[in-house]
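One structure below.
A, B, ... follow the sequence lines: proteins, then strands. Residue 1 opens every chain.
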Amino acid sequence: MDIDIPGFIRSLRESDITEAYAKLREKTPLPGICGRLCSAPCEKACILKEKGAAIAIRSLERFATDFGRQRNLRRSVNKGKRIRIAIVGSGPCGLAAAWMLARRGYEVIIFEAFDKPGGVLRYGVPEFRLPKKVLDEQIADIKIIGVKIETNFFVGKTASLDELRKDNFSAILLAMGAGIPKLRDIPGANLGGVYYGEEFLMRVNLMKANLFSQYIPSFGIGEKVIVLGAGNTAMDCARAAVRFRRKVTLVFRRPEDEMFVRPEERQYGKEEGVHIESMVRMVEILGDANNFVKGAKCIRLDYAASSNKGKWELVPVPGSEFILEADTVIIAAGHRPNSLMGMVSDDQIFLELNDDGTIYIDKDTGMSSLSAVFAAGNVVTGPGPLIQAIASGIDTAEKIDKYLT
Amino acid sequence: MFKIVNKQILATHVKRLDVIAPNIARKVLPGQFVSISPEEGDERIPLSVVDFDRDRGHISLIFQERGVTTKKLGALQLGEEIFSILGPLGKPATIEKVGLVVCIATGVGTAKILPICRAYKRVGNKVIGIIGARTKRALMLEPQIRLSCNKIYITTEDGSYERKGLASDILKQILEEYDPDVVYAIGSEEMMRSTCEMTKKGGIKTFVHLNPIMVDCLGMCASCRVKVGDKIVLACMEGPEFDGHKVDFDEFIKRKKALEEFGECCKHKLTSSPKKSESGIFMRFVSGFLKGQQ
């Protein structure tokens, strides 16, 4: 991503917070968000790690943004080029690409199907990890350089991709992300009370239920909640459920220190009362007479030498089945790319998809199988880290710039 | 923001709103729906688009006031604005010239089936309509339905208007007298299930409309998952129209009932919760949320 990390840290050392923020803002459009959510590969690569601990770069980024951000920025519109570019999806990738293109002088319009921009940043990540106020501020900072965001516009339904192409857009960037749940065929997954992680978080974020202390959730969450999954989505669901004063158990197959969440998140979760059952596979979700979930049958896993290659793998321990009682089960065990538009829209054109559902793009140009239609972010790579989506958005924006000049 | 330009009361607790939504009116086709949220922070509910005016950019929505959100919509006045309407969603209805089409609807399904009857008639089919209502007061859109069908049979459960009885009884007679090419049924799940059982024997192509609980209506949350054939599909993306003979009605009814009962039992739990003033509102919110569809 090319951020001048030593530079901005030096500015902070010299107590020049605004300068630090300015240095960050040269290279990254969403420092307030990365400062809270990023998995921080920069910290993993920090050489000071060998001498003790890495510098807390992410926290410094957050500090610089929270205190160095200029308010009341003048609206600056650099419409040097008078070329229109459409971006589908206002998640981190789309926002980052829009920022880069607007800085280069293009007229950018983002089309968002929801009624507010942000994508997973708004409807997936809960308030305690990313406050909506910070999200709105970061998005405002992008809109102020001239990016227009059109909400309630579902490309593929409200207007087809073909119509966009004919509507005087010189290029289109698809950045819909990978926010659809992977449907698991665990028996009992369709009982009442079984939510997929996306649905649960969406309800929490949509209906002001993110103000946990003030509002009682307006949808049903049982007293005992099981969350299946070992990633950020699962952890967010678990910590959100804990804030509704429920008993929460987090269940996943891998060993605990191989979870896909940052170690601090795991620690916070435990401190908040999330009970973790690692190395457990959920075999079946059990329902009562009303077809409502009443528990889950699980089996413990342990390492065993596999027959071939001599590698260790996790296998069920025979006879170790146990039943966890629950009246709500949340399945947060995997995402898929949101390339629905290619299949569902009533276009005659076809967007070529790879086998796993991601959009096929040419590695060098970033273009999909349709001319002047590009794709970036998780819809190309599959589910991935936030910082990668942002970098992909910026990178593809530069490729679009090259294509149009 | 979407402005309301027309408001009518059609029957007990059934209201019609026309709103200015040019992007949607431009593209919507019979059988599609929109996801609507009256105020910021409200839940989104799916509502079928009953009529549309492409030139003026209006769409017509008809709904029954059952839960919090529908009641909120019903309380809006002419000139007020709705916060968010997204559409057109869902796959448009399969409309082809097949010959004879029987459209059967009960309750608010009457409103949903109106655009479909019109579309079938327009492409040259003969349309027989069977409309069931509980009482004369609950009957809606009678003149419009009459115009869109070649023959119409109206029944009321209490006999207060025209025939007395259930729509499915009339359907039985019709199936004996005529040989329809397509049967389209929109109404309660039990009615659609019994319709499909009746038409299965004759192998008549039957379409139904499923309305499961929907949250985002965009295909991202999977709360509207239904079993059709052996696949689990999302009603907001592949529906709302489905081949009636492939739908697993038993599972659908079980899941819907389970979710509604959960809402009820949560309502009871909330009464014992420590929060005082808000709990009253949110009690209704919980039960309303799950029932807050048309």
Side-chain angles (χ1 to χ4, degrees), chain A residues 113-116 120 123-124 150-154 157-160 163 176-177 179-183 185 189-203 206-209 214-223 245 287-288 290-293 327-328 331 338 340-341 343-344 346, chain B residues 2 21 23-24 26-27 29 32 35 37 40-44 68 83-92 215-216 218-223 225-227 232 234 237-238 251 253-263 265-267 269-270 273 275 278-279 281-283 285-286 288-290:
Chain A
F114 271 119
D115 44 8
K116 284 177 156 174
V120 276
Y123 294 110
E150 181 118 14
T151 53
N152 274 328
F153 202 108
F154 187 171
K157 290 272 170 211
T158 314
S160 62
E163 287 175 330
M176 291 91 71
I180 328 184
K182 236 191 201 153
L183 297 180
D185 48 3
N190 290 331
L191 288 170
V194 178
Y195 297 107
Y196 277 96
E198 288 78 0
E199 176 190 351
F200 179 74
L201 289 174
M202 217 177 282
R203 290 185 190 218
L206 263 182
M207 284 165 282
K208 287 192 183 149
Q214 293 177 353
Y215 289 82
I216 300 172
S218 52
F219 58 100
I221 320 181
E223 285 303 318
R245 290 168 286 142
D288 59 11
N290 290 329
N291 221 46
F292 201 81
V293 66
D327 32 14
T328 299
I331 303 179
N338 187 357
L340 289 175
M341 193 185 67
M343 295 186 286
V344 174
D346 38 35
Chain B
F2 301 81
N23 276 338
I24 304 175
R26 194 169 46 100
K27 282 213 88 187
L29 290 168
Q32 291 190 300
S35 164
S37 176
E40 190 172 335
D42 282 336
E43 56 163 343
R44 298 150 66 101
V68 174
F83 171 63
S84 149
I85 307 185
L86 177 67
L89 302 173
K91 280 208 176 124
V215 178
D216 75 333
L218 287 178
M220 282 190 56
C221 74
S223 41
R225 51 194 191 269
V226 291
K227 190 147 177 226
I232 306 252
L234 302 182
M237 288 278 116
E238 309 285 332
E251 169 134 357
I253 294 175
K254 270 198 269 183
R255 186 168 145 81
K256 211 168 179 200
K257 220 187 259 183
L259 287 170
E260 284 176 4
E261 281 178 20
F262 187 35
C265 87
C266 276
K267 187 169 76 169
K269 282 202 181 125
L270 285 173
S273 121
K275 300 260 160 121
E278 288 123 7
S279 66
I281 306 172
F282 284 93
M283 243 167 58
F285 215 99
V286 167
F289 169 75
L290 288 171

## Note on the structure
Applying salt bridge (Lys or Arg N to Asp or Glu O under 4.0 Å) to Glu199(A) and not counting sequence neighbours gives Arg203(A)

### Task
Check whether any side-chain heavy atom of Glu163(A) sits under 4.5 Å from a side-chain heavy atom of Arg26(B), and report yes or no.
yes

### Query
Hey, which of Lys254(B), Glu251(B), Lys227(B) has the most heavy atom pairs under 4.5 Å with chain A?
Lys254(B)

### Query
Relative to chain B, which segment of Leu183(A) carries a heavy atom at a distance below 4.5 Å: side chain, backbone, both, or neither?
side chain

### Query
Tell me, side chain or backbone of Arg255(B) under 4.5 Å from chain A's heavy atoms, or both, or neither?
both

### Message
Let me confirm one number: the OG-NZ distance from Ser35(B) to Lys157(A), rounded to the nearest 0.5 Å.
### Response
13.5 Å

### Message
Any heavy-atom pair between the side chains of Asn152(A) and Ile85(B) that's under 4.5 Å?
### Response
no

### Query
In terms of heavy-atom pairs under 4.5 Å with chain B, which of Asp288(A), Asp115(A), Leu201(A), Val293(A) leads?
Asp115(A)

### Query
Is there a donor-acceptor contact under 3.5 Å from the side chain of Lys27(B) to the main chain of Ala159(A)?
no

### Message
To check you understand the geometry: which heavy-atom pair defines the closest contact between Gly87(B) and Thr158(A), and what is its length?
### Response
O-OG1, 2.8 Å

## Note on the structure
Correct closest heavy-atom pair for Leu86(B) and Phe153(A) would be CD1-N, 3.9 Å

### Query
Is any side-chain heavy atom of Arg225(B) less than 4.5 Å from a side-chain heavy atom of Val194(A)?
yes

## Note on the structure
Bottom line for Ala189(A): the part with an atom under 4.5 Å from chain B's heavy atoms is backbone

### Message
Which residues pass the salt bridge (Lys or Arg N to Asp or Glu O under 4.0 Å) test with Lys116(A), not counting sequence neighbours?
### Response
Glu40(B)

### Message
Working to the nearest 0.5 angstrom, can you tell me the gap between Ser223(B) OG and Tyr195(A) OH?
### Response
9.0 Å

#### Entry: Minimum side-chain heavy-atom gap Phe114(A)-Arg44(B) below 4.5 Å
yes

### Summary
CG of Asn23(B) to CZ of Phe154(A), rounded to nearest 0.5 Å, is 14.0 Å

### Query
Non-hydrogen atoms of chain B under 4.5 Å away: do they reach the side chain of Tyr123(A), the backbone, both or neither?
neither

